[in-house]
Visitor: 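Quick one: this structure, given as structure tokens, is what I'll be asking you about.
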Amino acid sequence: MKTDKWFYKLFLSQPGMLAELLPGIDADWEFTYSAPVIKEKEFRLDGVFTPLSDDVTIPIVFAEAQMQADNNFYRRYFAEIFLYLEQYEVDRTWRGLLILPSQSVKLGSELPYQELFERRVTRLYLSDLKQKQNLTPNLGLLQLLASDQTQSAELGKSLLRAAGTEAEFERRLSLIETILANKFPDLTKEMIMQILDLKQMDITQSRFYQEICEEGRQEGRQEGRQQGEARLVLRLLSKRFGAIDEAIANQISQLEIPQLESLGESLLDFQSLDDLMAWLAASGHKI
């Protein structure tokens with residue numbers, strides 16, 4: 001499985017992931033990512049997370065994902081770190097994060113680096129995550145890397161349903177698609193959409209949708225069912241497409257309850273406001 005830079009961008013796009021994996025890292029610390037070349041032997045570090053703060057006690061993090069056996073890996077990894085510290089004149093503390101498939105992978109002798117493993121470098125074994133339940137969303141994304149295709153599909157759907165906002169839903173979907181495409185290179189985008197059941201997925205089970213619905217129900221109890229249904233539909237439309245034209249909003253506000261309920265179900269399949277206009281026209285409500 002290829003990892004490439006998308007693997008490390010996952011850490012940047014998921015706030016707090018480094019803090020979950022590395023003891024002593026604060027979830028509020030911000031980092032920038034790079035993959036610098038070390039000139040002496042043309043070494044390249046896969047993932048360097050540099051703190052944005054000038055506080056030298058916040059560590060620079062050297063992260064690397066190694067999925068294949070390599071008897072020279074440990075000596076190369078530590079050589080790259082110390083060459084980097086010298087070449088870039090680093091004057092802050094540092095930590096290491098290694099993401100590995102299992103403890104059985106052969107990466108060379110650990111003895112010369114034992115103290116570094118004990119004090120500075122954390123090793124995360126994906127096999128340890130494989131059967132765990134109730135993981136945080138960050139660790140759930142990493143769990144995808146250790147799962148077969150069937151389990152990955154279930155994990156992906158679970159992560160999408162647990163999204164708290166529409167933006168979070170879209171961000172997780174992008175990450176999940178990327179992970180599955182790299183893990184299972186034979187899968188097309190259409191196949192990934194199919195195994196995630198995105199066309200059939202009941203998006204009404206996602207947390208952000210339920211929160212919006214609950215707000216609409218509360219308002220509906222106060223304003224009357226028709227007004228509450230209309231407000232709910234308009235809120236869902238604005239979540240998907242941004243501000244709704246006043247003329248369209250007024251037209252929707254005049255719909256009867258059965259029409260509002262039908263529109264509420266149909267809008268989940270809308271790709272743009274053109275679909276809304278087509279629905280209104282087909283229902284005899286031209287704007």
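This one's a predicted model, so the numbers in the text were calculated from it and none came from an experiment.
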Visitor: Taking the inter-plane angle between the rings of F78 and Y113 on a 0 to 90° scale, is it parallel (under 30°), tilted (30 to 60°) or perpendicular (over 60°)?
Guide: parallel
Visitor: How long is the straight-line distance from OG1 of T150 back to CG of D148, given to the nearest 0.5 Å?
Guide: 5.0 Å
Visitor: Could you give me the CA-CA distance, side-chain angles and deciding distance for E30 and S53, then say whether side-chain hydrogen bond (donor to acceptor under 3.5 Å, both in side chains) is met?
Guide: CA-CA 7 Å; E30 295 181 299; S53 171; over 6 Å; no
Visitor: Looking at every non-hydrogen atom in both residues, tell me the closest pair between L196 and K157 and how far apart they are.
Guide: O-CG, 3.2 Å
Visitor: Measure the CG-CD distance between D186 and Q149 for me, rounded to the nearest 0.5 Å.
Guide: 9.0 Å
Visitor: Do V56 and F49 share a hydrophobic cluster (ILVMFWY, side-chain heavy atoms under 4.5 Å, transitive)?
Guide: no
Visitor: Could you walk me through whether Y88 and I60 satisfy the side chain to side chain contact (heavy atoms under 4.5 Å, CB included) test, starting with their C-alpha distance in whole Å, then the side-chain angles of each, then the deciding distance to 0.1 Å, before giving a yes or no?
Guide: CA-CA 12 Å; Y88 289 89; I60 186 171; over 6 Å; no
Visitor: Using modelled atom types and a 3.5 Å cut-off, is there a donor and acceptor pairing between side-chain atoms of Q143 and backbone atoms of K130?
Guide: yes
Visitor: Partners of R95 by salt bridge (charged side-chain N to carboxylate O under 4.0 Å, His left out), sequence neighbours excluded?
Guide: none
Visitor: Decide side chain to side chain contact (heavy atoms under 4.5 Å, CB included) for L98 and L107; before the verdict, give the C-alpha distance in whole Å, the side-chain angles of both, and the deciding distance to 0.1 Å.
Guide: CA-CA 11 Å; L98 295 177; L107 300 174; 5.9 Å; no
Visitor: Please answer whether the main-chain N or O of A69 pairs with a side-chain N or O of K106 as donor and acceptor at a distance below 3.5 Å.
Guide: no
Visitor: We want to know whether D55 and T57 form a side-chain donor-acceptor pair, criterion being a heavy-atom distance below 3.5 angstrom.
Guide: yes
Visitor: So how far is it from I99 CD1 to L124 CG, rounded to the nearest 0.5 Å?
Guide: 5.5 Å
Visitor: Should R123 and E110 count as an ion pair when the cut-off is N to O under 4.0 Å?
Guide: yes
Visitor: Looking at Y84 versus F62, is the centre-to-centre ring distance below 6.0 Å?
Guide: yes
Visitor: When you measure from the side chain of E177 to the backbone N and O of S174, does any donor-acceptor pair fall under 3.5 Å?
Guide: no
Visitor: Over all heavy atoms of both residues, which pair between L139 and E20 is shortest? Give the atoms and the distance, please.
Guide: CG-OE1, 3.6 Å
Visitor: Could you grab the distance from atom CG of L144 to atom NZ of K183, nearest 0.5 Å is fine?
Guide: 8.5 Å
Visitor: Backbone N or O of E154 within a donor-acceptor pair of the S158 side chain at under 3.5 Å?
Guide: no
